[in-house]
Each structure stands twice: as structure tokens, then as C-alpha cells.
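What follows is a short report on a single structure.
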2 protein chains.
Amino acid sequence: MNIGEVAQQSGLPAKTIRYYEDIGLISPQRSENGYRAFRERDLHKLAFIGRARALGFTIEDCRTLLALYQNDHRESGQVKALAEQHLVAIDDKIAQLRSMRATLSHLVHCCAGDHRPDCPILDDLAGSDLHRGDA
Amino acid sequence: MNIGEVAQQSGLPAKTIRYYEDIGLISPQRSENGYRAFRERDLHKLAFIGRARALGFTIEDCRTLLALYQNDHRESGQVKALAEQHLVAIDDKIAQLRSMRATLSHLVHCCAGDHRPDCPILDDLAGSDLHRGDA
DNA sequence: ATGGAGGTTCCAGTAACGGGAAGGTCAAGG
DNA sequence: CCTTGACCTTCCCGTTACTGGAACCTCCAT
């Protein structure tokens, strides 16, 4: 298989596949013409990576997960630990975004959004304490 | 004020403040010795940027917001539009993270996490369809 | 005079690719 | 046989918002 077909089947852009080879995630063979010659195993690996990436794992996590996957003597505890760690990181991000969202949403609702220049959003960013001290 | 004091008062690292000058967000004067000489206005601007960044606005958004803030003829609708757009982006990110979280959390709960190699997480990443087809 | 805490510039690296140039290869068509 | 177009190759730069570090300068206190 050439890279184009692998790209289609894995859903990953050809550029990304080449990048994954660059950083040593995959090592496809080469044809005599210099083209990458992918086998089923490579495709399978790429699909694996694609799914891990879709779950938000970093490339380094993917490297680790691939190694565990290919290691018959792995312990599922290692995988679970990695996944739980990632879960915590996701929760942290969600919490941070929700905090931002709450503040921003409040400000948006306070802003008339008309043709006048008065704007509680800018007031808040400027630290004017006008609405924060309105109690 | 030298950069150290401004860093403390604004809560931004000195490196970041220099970077903000590099990209033209601020333009502090210079003392004869070559040191940056910050005035109150600069500090105020930096605090403004810091707060906008804390709400997740990009640097380019900050540039726009600063310009609006300094423009007496702005219309609050412009600010509100920018904020609402950002709010949508935040919501998108939260939705994506929650989707990841749901899948990952399910997989983690399915995994024994012991010393055996069998691992539903890896099975899922490998696309084995074992648990997805268990209905 | 000297030591240390500040300041300065510039360069490189981060994560994970994407865009685009310059050029080789292959299959089909005239 | 030649060309055209699709596909492949490598290589280098750009992205976001900084961070770390080197090499060097300046100020203040002892």
C-alpha cells in the first residue's frame, strides 16, 4: 500500500503519517522506487494511534501505549494508570474551561452589545472593580 | 518601574512581558541604561492582557480587545460579539473533552488494572470490536 | 574592587502537525 | 515516444504563546 491508500483507510493525513515515521512511531518498508510500502501491521498501528489521539493522548502517551500493546508481558495496571492520569488531566482542563465559561458568560450577559461604547466586559478586563464591588 | 517590579505587580513573568513587547502589545519607554521603563499605563495594559488571557482569549483577541478598550468610539456590540464567539469556542472544547472523558472513563472502569496483560483499553484502541460488539 | 541581583539580547525548543516548493515516478492517452 | 496529471519524495518554514539558557551589561552594597 502506498501512503495515499493508508491515509484514506486510517483517516490520517499523509503528512501526519510521514510525521509519525519521522518521530519513530512507525517504520514502513520502502519500495525500490523510494515510496513507503505499508503493510497491514502498519495500518493497524496507525489506526491504533489515531484512536488514542482521538481520546486526547499525547504522542508520547501513544508511544507508550503502543509499546504496552506489543508487549505480551504488560500488566493492565500500567495501561489503566496511564489512562487514569490522562483522565485527571482532562478533568482539570474541563474545570478550567468551565471556570472561564462562567465568568465570560456572566460578562456577556451584562453587556448590552449595542452601539454605545459602555462595556462591562472591557470594564472587567480593565480591572475597574465597578461590577465586582457592586455589593 | 523596571521589569521585575512590573512582573510582580502584574503577575506576569518578565519573559512574557518582553514577549508582549516583541509582538507589539506594549511599548514601554527605555531608560538611558537600556532598561525598560514602565509607566502606570503599561502596567494597566499588562493587567488587562493578563485578565483577558486568563479568560482564554488568544493574543490576537487581546490585541483587538485592547484596541477597542482604547477606542472611545467603539461599540459594545463589537466586544460582545468577540466574547460570544470565544464562548462558543470554549463550549466546543468542553464538549470535545467531555466526549473524550466519557469514552475514556468507560474504558478505565472496564479495565481490571491488575498484573494480567488483558486490557480492554488496549483492545479498544486496537479496534478489536470485542467490547463494542458485546450487545 | 567585587559580588550578586537585577537587567539586556538572541537563539533554540516546545506539540503536533500543515503548507508549499522542487523534484522523482507511474499509468494512461495521443 | 512524449506528455499530462496524479501521486510520491524530501526539505524547510510557520503555527501558539511562551520558556530556558547563554553571554553580556548595570547597579548597589560592602
Side-chain angles (χ1 to χ4, degrees), chain A residues 1-39 42-43 45-46 48-66 86 89-90 92-93 96-97 100, chain B residues 1-39 42-43 45-46 48-66 86 89-90 92-93 96-97 100:
Chain A
M1 277 187 292
N2 283 346
I3 200 168
E5 194 183 339
V6 176
Q8 273 212 322
Q9 295 207 24
S10 68
L12 298 171
K15 274 276 189 185
T16 297
I17 297 174
R18 292 196 192 97
Y19 172 67
Y20 287 168
E21 183 185 5
D22 273 355
I23 62 173
L25 276 186
I26 54 169
S27 302
Q29 293 183 323
R30 294 289 178 139
S31 306
E32 288 195 357
N33 58 15
Y35 287 16
R36 288 170 183 80
F38 295 86
R39 289 162 299 175
D42 300 312
L43 183 52
K45 258 191 180 182
L46 286 169
F48 183 102
I49 297 168
R51 274 185 286 263
R53 294 285 298 129
L55 287 181
F57 285 104
T58 66
I59 291 286
E60 284 317 302
D61 284 344
C62 290
R63 201 188 295 278
T64 304
L65 288 169
L66 263 182
H86 182 43
I90 289 177
D92 287 354
K93 275 188 198 169
Q96 197 185 354
L97 285 171
M100 285 180 186
Chain B
M1 278 187 291
N2 283 346
I3 201 169
E5 194 183 339
V6 176
Q8 274 212 321
Q9 295 208 23
S10 68
L12 297 171
K15 274 275 190 186
T16 297
I17 296 173
R18 292 197 192 96
Y19 172 67
Y20 288 167
E21 183 185 4
D22 273 355
I23 62 173
L25 276 186
I26 53 169
S27 303
Q29 294 183 323
R30 295 289 178 139
S31 307
E32 288 195 357
N33 59 14
Y35 287 17
R36 288 170 183 80
F38 297 86
R39 287 161 299 173
D42 301 311
L43 182 53
K45 259 189 178 182
L46 286 169
F48 182 102
I49 297 168
R51 274 185 286 263
R53 294 285 301 129
L55 287 180
F57 285 104
T58 66
I59 291 286
E60 285 317 302
D61 283 344
C62 290
R63 201 189 295 279
T64 304
L65 287 169
L66 263 182
H86 182 43
I90 289 177
D92 287 353
K93 274 188 199 167
Q96 197 185 354
L97 285 171
M100 285 180 186

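Quantities reported herein were computed from a predicted structural model and do not represent experimental measurements. Note on naming: letters A, B, ... go to the chains in the order of the sequence lines (proteins, then strands), and numbering restarts at 1 for each one. What you see below is based on every heavy atom in this structure, not just the backbone, and it leaves out hydrogens, waters and symmetry mates.
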List in chain and number order the residues that pass ring pair (Phe, Tyr, Trp, His ring centres under 6.0 Å) with B:Phe57, two or more places apart in sequence or in another chain; answer none if no residue qualifies.
B:His86

Can you list the residues that meet the ring pair (Phe, Tyr, Trp, His ring centres under 6.0 Å) rule with B:Phe48, with sequence neighbours excluded?
B:Tyr69

Heavy-atom pair of closest approach, residues [X] and [Y]:
X       : Y       : result
B:Tyr20 : B:Leu12 : CE1-CD1, 4.0 Å
B:Ile17 : B:Leu46 : CG2-CD1, 3.9 Å
B:Arg53 : B:Thr58 : NH1-CA, 3.8 Å

Which residues share a side-chain contact (heavy atoms from CB on, under 4.5 Å) with [X], sequence neighbours left out:
X       : value
A:Glu5  : A:Met1, A:Gln9
A:Asn33 : A:Ser31, A:Tyr35
A:Arg39 : A:Gln29, A:Arg41, A:Asp42

Among residues at least two apart in sequence or on other chains, which ones pass side chain to side chain donor-acceptor pair (under 3.5 Å) with B:Glu32?
none

Student check: side-chain heavy atoms of A:Lys93 and B:Lys93 closer than 4.5 Å
no

Does anything in residues 56-66 of chain B pair up under salt bridge (charged side-chain N to carboxylate O under 4.0 Å, His left out), and if so which pairs, sequence neighbours excluded?
B:Glu60-B:Arg63

Which nucleotide span of DNA chain D, 5' end to 3' end, has atoms closer than 4.0 Å to non-hydrogen atoms of chain B?
D:dA17 to D:dC27

The bend of the helix from C:dA1-D:dT30 to C:dG30-D:dC1, taken between the axes of its five terminal pairs at each end and rounded to 10°, is 40°

Which parts of residues 7-25 of chain B get close to DNA chain C, meaning a heavy atom less than 4.0 angstrom away?
B:Lys15, B:Arg18

Contact nearer the 5' end of DNA chain D, comparing B:Glu32 with B:Phe57:
B:Phe57

Would B:Leu25 and B:Lys45 satisfy side chain to side chain contact (heavy atoms under 4.5 Å, CB included), going step by step from the backbone distance to the final call?
CA-CA 9 Å; B:Leu25 276 186; B:Lys45 259 189 178 182; over 6 Å; no

Give the first and the last nucleotide of DNA chain C, reading 5' to 3', that has any atom under 4.0 Å from a heavy atom of chain A.
C:dA16 to C:dC26

